[in-house]
Amino acid sequence: MFKKLIEILKAHPRRIVFTEGTDARILEASARLLSGTFLTPILIGNEAEILAAAEDAGFNIRGAEILDPETYPEMDAMVAKMVELRRGKMTEDDCRAMLKKGNYFGTMLVAMGLADALLGGATYSTADTVRPALQLVKTKPGNSIVSSCFILVRPYATGGNMVLAMADCAINIDPTEDELVEICSETVQCARIFGVDPKVAFLSYSTLGSGKGPAVDKMRNAAEKAKVALPEVPIEGELQFDAAVAPRVAETKCPGSPVAGYANTFIFPDISAGNIGYKIAQRLGSFEAYGPILLGLNAPINDLSRGCNAQEVYSMAIITAALADSNH
């Protein structure tokens with residue numbers, strides 16, 4: 001899967017911002033990325049501190065760009081642009097103060113087209129990564145929300161990988177029917193980047209009317225709206241998980257469905273179901289889980305877990321930068 005993403009990036013080399021330039025995990029991942037020559041890291045922080053941290057840890061980051069908000073020569077232009085983007089919600093002094101912080105400074109590099117993507121969160125909270133993105137990069141035209149998906153990968157014994165997409169497991173607590181349609185549309189686009197030919201199941205405790213209740217109605221209605229919005233995508237709902245993935249169960253519960261039994265893209269009714277679902281797949285199903293991948297923004301910006309390791313930073317950097325092609 002990563003071979004395919006790296007091929008995309010070799011054809012269109014990208015520049016990715018790391019908001020925490022002195023972090024050892026960021027430096028190790030940056031050194032690996034620089035050896036591959038398909039992605040240029042932009043490290044935010046004090047240059048002397050970043051170079052010293054890299055040298056102490058033994059990482060060669062020659063070729064990385066280092067930008068320090070304290071000495072950035074184009075800061076006045078960046079402040080003016082941020083004032084414009086915030087449209088009266090922040091004064092010039094407010095903006096100048098915020099741009100001293102790596103998360104806001106890095107996000108403005110993306111907003112101004114000086115970088116293609118951003119990866120933060122090694123030390124920042126999710127909110128500290130998402131808030132500047134919403135304020136400065138904003139959602140895509142036609143989108144009303146930011147959502148997220150996880151890509152789950154498990155090797156087949158015979159070779160190759162099973163790749164699944166699950167959404168929304170991290171951002172929207174209780175999405176409405178229309179928000180679920182938007183989540184579905186964004187997740188379908190994301191799944192395709194990872195080589196998935198999406199077959200979408202809107203999940204529930206009911207299969208095509210076997211159960212009753214407002215939660216069932218929500219998923220059934222959202223699935224019907226998604227079929228109208230995405231006529232070229234096979235979509236079914238509402239489905240129980242077994243009917244979505246087990247052909248034998250599907251034959252009994254929903255014969256003739258183009259999706260049931262073979263779904264690979266799953267839309268959950270709320271964040272509880274989504275978060276529990278992907279973690280069951282990860283911990284009991286031996287899937288590697290990549291994400292949360294933020295969807296619906298005007299540019300690829302992603303959030304790391306604060307417990308991440310350098311390998312996860314490296315993988316998420318490649319994923320984030322590869323998403324730039326779907327945003328252009």
Are [X] and [Y] close enough that some pair of their side-chain heavy atoms sits under 4.5 Å apart?
{"X": "Ile61", "Y": "Leu51", "value": "yes"}
{"X": "Asn298", "Y": "Pro141", "value": "yes"}
{"X": "Ile50", "Y": "Glu47", "value": "no"}
{"X": "Cys149", "Y": "Leu295", "value": "yes"}

Do [X] and [Y] share a hydrophobic cluster, counting only Ile, Leu, Val, Met, Phe, Trp and Tyr and linking them when any side-chain heavy atoms are less than 4.5 Å apart?
{"X": "Ile42", "Y": "Met108", "result": "yes"}
{"X": "Phe241", "Y": "Val163", "result": "no"}
{"X": "Tyr205", "Y": "Leu239", "result": "no"}
{"X": "Ile319", "Y": "Val153", "result": "yes"}
{"X": "Ile171", "Y": "Ile271", "result": "no"}

Nearest heavy atoms of [X] and [Y], plus distance in Å:
{"X": "Glu236", "Y": "Val259", "result": "CB-CB, 3.7 Å"}
{"X": "Leu39", "Y": "Ala317", "result": "CD2-O, 3.8 Å"}
{"X": "Ala127", "Y": "Pro132", "result": "O-CD, 4.1 Å"}
{"X": "Lys10", "Y": "Gly36", "result": "CE-O, 4.3 Å"}
{"X": "Ala122", "Y": "Ile26", "result": "CB-CD1, 4.2 Å"}
{"X": "Val245", "Y": "Ala263", "result": "CG1-O, 4.3 Å"}

Find the distance between [atom1] ([X]) and [atom2] ([Y]) and round it off to the nearest 0.5 Å.
{"X": "Thr320", "Y": "Ile16", "atom1": "OG1", "atom2": "CD1", "value": "5.0 Å"}
{"X": "Arg14", "Y": "Ile318", "atom1": "CZ", "atom2": "CD1", "value": "14.5 Å"}
{"X": "Thr139", "Y": "Glu182", "atom1": "OG1", "atom2": "CD", "value": "7.5 Å"}
{"X": "Met82", "Y": "Arg86", "atom1": "CE", "atom2": "CZ", "value": "6.5 Å"}
{"X": "Met166", "Y": "Leu152", "atom1": "CE", "atom2": "CG", "value": "5.0 Å"}
{"X": "Arg154", "Y": "Gln282", "atom1": "CZ", "atom2": "CD", "value": "13.0 Å"}

Go through the structure and list residues passing side-chain hydrogen bond (donor to acceptor under 3.5 Å, both in side chains) with [X], not counting sequence neighbours.
{"X": "Ser305", "answer": "none"}
{"X": "Lys199", "answer": "none"}
{"X": "Glu49", "answer": "none"}

SB check [X] [Y] (cutoff 4.0 Å):
{"X": "Asp128", "Y": "Lys101", "answer": "no"}
{"X": "Lys218", "Y": "Glu177", "answer": "no"}
{"X": "Glu224", "Y": "Lys227", "answer": "yes"}

query = Should Asp168 and Glu179 be marked as a side-chain contact (heavy atoms from CB on, under 4.5 Å) after you check the CA-CA gap, both sets of side-chain angles, and the distance that decides it?
reply = CA-CA 10 Å; Asp168 178 351; Glu179 287 171 344; over 6 Å; no
ask   = If you group Ile, Leu, Val, Met, Phe, Trp and Tyr whenever their side-chain heavy atoms sit less than 4.5 Å apart, what else falls in with Phe202?
value = Ile145, Leu180, Ile183, Val188, Val200, Met219, Leu230, Val233, Ile235, Ile267
ask   = Does Leu284 sit in a hydrophobic cluster with other residues, and if so which ones, taking ILVMFWY side chains as linked at heavy-atom separations under 4.5 Å, directly or through other members?
value = Ile276, Ile280
Would the distance check show the side chain of [X] and the main-chain N or O of [Y] forming a donor-acceptor pair, the cut-off being under 3.5 Å?
{"X": "Asn264", "Y": "Asp197", "result": "yes"}
{"X": "Thr207", "Y": "Ser210", "result": "no"}
{"X": "Glu28", "Y": "Ala310", "result": "no"}
{"X": "Arg25", "Y": "Val313", "result": "no"}
{"X": "Tyr124", "Y": "Glu20", "result": "no"}
{"X": "Asn302", "Y": "Leu294", "result": "yes"}
{"X": "Gln240", "Y": "Ser206", "result": "no"}
{"X": "Ser315", "Y": "Gln311", "result": "yes"}
{"X": "Glu251", "Y": "Arg248", "result": "no"}

For residues 71-81, dump all side-chain donor-acceptor pairs below 3.5 Å to protein atoms at least two apart in sequence or in another chain.
{"unit_1": "Asp76", "atom_1": "OD1", "unit_2": "Arg96", "atom_2": "NH1", "d": "3.2"}
{"unit_1": "Asp76", "atom_1": "OD1", "unit_2": "Arg96", "atom_2": "NH2", "d": "3.2"}
{"unit_1": "Lys81", "atom_1": "NZ", "unit_2": "Glu84", "atom_2": "OE2", "d": "3.4"}

task = Would you please test Phe266 and Tyr278 for ring pair (Phe, Tyr, Trp, His ring centres under 6.0 Å) and show each step?
result = CA-CA 10 Å; Phe266 304 96; Tyr278 100 79; over 10 Å; no
ask   = Does any donor atom in the side chain of Asn172 or Ser147 lie under 3.5 Å from an acceptor atom in the other side chain?
value = no
task = Please indicate whether Glu288 has more than 12 foreign heavy atoms, meaning atoms of other residues, nucleotides or ligands, lying under 6.0 Å from its CD.
result = no
query = Is Lys100 atom NZ crowded by more than 12 heavy atoms from other residues, nucleotides or ligands, each under 6.0 Å away?
reply = yes
request  = Apply the test side-chain contact (heavy atoms from CB on, under 4.5 Å) to residues Lys89 and Gln135: give CA-CA distance (whole Å), side-chain angles for both, the deciding distance (0.1 Å), then the verdict.
outcome  = CA-CA 10 Å; Lys89 292 179 182 156; Gln135 291 175 347; over 6 Å; no
ask   = How far apart are the C-alpha atoms of Phe2 and Tyr290, what are their side-chain angles, what is the distance that settles it, and do they pass the ring pair (Phe, Tyr, Trp, His ring centres under 6.0 Å) test?
value = CA-CA 12 Å; Phe2 280 93; Tyr290 298 98; 5.3 Å; yes
key: Ile44 and its side-chain contact (heavy atoms from CB on, under 4.5 Å) partner, picked from Ile66, Asn103, Asp68, Leu109   = Leu109
message = side-chain contact (heavy atoms from CB on, under 4.5 Å), that's the test. Do Tyr104 and Leu136 meet it? Break it down for me.
response = CA-CA 9 Å; Tyr104 274 89; Leu136 304 174; 3.9 Å; yes
request  = List the steps and the verdict of side-chain contact (heavy atoms from CB on, under 4.5 Å) for Glu186 and Ser148.
outcome  = CA-CA 9 Å; Glu186 287 293 326; Ser148 73; over 6 Å; no
